[in-house]
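First up is the structure itself, then whatever we jot down about it.
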Amino acid sequence: MREPPPDLFRSWFHSYEEDHEDVRVYRPDDFPFPPARGRRGMEFAPDGGFVDHPLGHGDAPGAVPGHWRLVSDRHLALSFGGARPDRELEIVRCDERVLQVRRLVQGPSASLAMPS
């Protein structure tokens with residue numbers, strides 16, 4: 001099994017202005033984002049650690065710890081130990097400037113909602 005792209009291991013913030021079709025676009029924290037009330041984010045660590053950063057009260061970022069594992073090439077499973085539903089992502093593109101992901105939907109009743 002291959003390793004995930006090395007540029008994955010950092011904090012990423014949702015650049016929702018760039019989303020297209022079913023792909024969510026994330027940028028590093030030094031990206032010149034336009035003003036927004038808040039931005040969701042996520043953080044990947046090489047040891048399998050993961051932190052989801054949803055918007056909390058007053059649009060302040062929250063932090064939900066979890067883990068990631070590589071299922072197959074460009075396919076990640078995210079787990080949160082019951083703190084929130086697990087999910088799976090396809091890495092569409094990942095380099096030092098951008099992370100593009102697509103949520104993998106399983107089953108006919110699964111929601112098409114994207115990751116936080």
message: With rounding to the nearest 0.5 angstrom, report the CG to CZ distance, Leu99 to Phe13.
response: 12.5 Å
- request: Would you check if Phe44 and Pro4 make a side-chain contact, meaning some heavy-atom pair closer than 4.5 Å?
  value: no
- line: Looking only at heavy atoms, the pair that brings Arg74 and Arg93 closest together is NH2-CA, 4.0 Å
query: Any side-chain heavy atom of Val51 sitting closer than 4.5 Å to one from Met42?
result: no
query: How many angstroms lie between atom NE2 of His75 and atom CZ of Arg69, to the nearest 0.5 angstrom?
result: 7.5 Å
task: To the nearest 0.5 Å, tell me how far Arg84 CZ sits from Leu78 CG.
output: 10.0 Å
message: Within the structure provided, determine whether His20 and Gln100 are in side-chain contact (heavy-atom separation under 4.5 Å).
response: yes
query: Can you name the nearest heavy-atom pair linking Glu18 to Phe31, along with the distance?
result: OE2-CZ, 4.1 Å
- request: For residues Pro85 and Phe80, report the shortest heavy-atom separation together with the two atoms involved.
  value: O-CD1, 3.5 Å
- prompt: In Å and rounded to the nearest 0.5 Å, what is the CZ to CG distance from Phe50 to Leu76?
  reply: 9.0 Å
message: Restricting to non-hydrogen atoms, name the atom on Ser15 and the atom on Phe33 that form the minimum distance, rounded to 0.1 Å.
response: CB-CE2, 3.7 Å
- line: Minimal heavy-atom distance between Pro34 and Glu17, with the atoms involved, is CG-OE2, 3.3 Å
message: Could you measure the distance from the CG atom of Asp52 to the CZ atom of Arg40? Nearest 0.5 Å is fine.
response: 9.0 Å
- prompt: Arg10 side chain to Glu96 main-chain N or O, any donor-acceptor pair under 3.5 Å?
  reply: yes
query: Taking atom SG of Cys94 and atom CH2 of Trp12, what is their separation to the nearest 0.5 Å?
result: 5.0 Å
- prompt: Are the ring centres of Tyr26 and His14 closer than 6.0 Å?
  reply: yes
message: Could you see if Val25 belongs to whatever hydrophobic cluster contains Val101? Use Ile, Leu, Val, Met, Phe, Trp, Tyr and a side-chain cutoff under 4.5 Å.
response: no
Closest non-hydrogen atom pair, Phe9 against Ala45: CD2-C, 3.6 Å
message: In this structure, would Leu8 and Leu70 fall into the same cluster of hydrophobic residues linked by side-chain contacts under 4.5 Å?
response: yes
